[in-house]
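Lettering follows sequence order; numbering is per chain, from 1.
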Amino acid sequence: MSEICRLYKSIYEITDQVPYGKVISYGQIARMVGCGARQVGYAMAALKSGSHPDIPWQRVINSQGKVSVHGDGIGNAMQLELLKEEGVQFDSEGRVSDSSAWWVAKP
DNA sequence: GCAGTGACTAGTA
DNA sequence: ATACTAGCCACTG
């Protein structure tokens, strides 16, 4: 059994701290943990149902404010739907409203 | 230990 | 606005 590095733990910690109806970008988390953005995405991919069901991985999106495509795009659709259920407003392009960003306060 | 891969980002053309 | 490139760091073979 491979124990997850504390780096992943930090990533999960931040992701778990994202409030309901809010989202955060991979890059932002990467800066917080002090690692590359890819590692954040990798940590999310490592999340499995049953291991860390309490982690709102669906609230993690890319810097474009959109959901990234994984594998066949299955998880992608689920993620989008989950966010909609949480009350996150999406644009016609599938982009999240700037007000839905957690970290932030973007000009 | 090296090479390839990956749910990314930022910069340049 | 889009397309391509380079950088990023961890995991797998």
If you look at every heavy atom in A/Val96 and A/Phe90, which pair is closest and at what distance?
->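 Taking every non-hydrogen atom into account, CG2-CE2, 3.4 Å.
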
Okay, side chain of [X], backbone of [Y]: is any donor-acceptor separation there less than 3.5 Å?
X       : Y       : value
A/Lys22 : A/Ser99 : yes
A/Ser97 : A/Gln89 : yes
A/Gln58 : A/Gln79 : no

Check every atom of [options] against the side chain of [X] and return the nucleotide holding the closest atom.
X       : options               : value
A/Leu7  : B/dA10, B/dA7, C/dA10 : C/dA10
A/Ala45 : B/dA7, B/dA10, B/dG6  : B/dA7
A/Tyr8  : B/dT9, C/dA10, B/dA7  : C/dA10

For the pair made of [atom1] in [X] and [atom2] in [N], what is the distance, rounded to whole Å?
X       : N      : atom1 : atom2 : value
A/Met44 : B/dT9  : CE    : P     : 12 Å
A/Lys66 : C/dA1  : NZ    : P     : 10 Å
A/Asn62 : B/dT9  : CG    : P     : 5 Å
A/Tyr12 : C/dA10 : OH    : C1'   : 12 Å
A/Ile11 : B/dA7  : CD1   : C1'   : 12 Å
A/Gln64 : B/dA10 : CD    : C1'   : 11 Å

Just wondering, are more than 12 heavy atoms of other shown residues or ligands nearer than 6.0 Å to CD in A/Glu81?
->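 Check fails, neighbour count at 12 or below.
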
When rounded to the nearest 0.5 angstrom, what is the spacing between CE in A/Met78 and CG in A/Leu83?
->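 The CG atom of A/Leu83 is 10.5 Å from CE of A/Met78, to the nearest 0.5 Å.
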
Check every strand shown and say whether A/Val69 touches a base, only sugar-phosphate, or nothing at a heavy-atom separation below 4.0 Å.
->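 If one applies the 4.0 Å heavy-atom cut-off, A/Val69 turns out to touch the sugar-phosphate alone, with no base involved.
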
Members of residues 24-36 of chain A that approach DNA chain B, where some heavy atom sits under 4.0 Å away |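 Going residue by residue through residues 24-36 of chain A, the ones with a heavy atom under 4.0 Å of DNA chain B turn out to be A/Tyr26, A/Gly27.
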
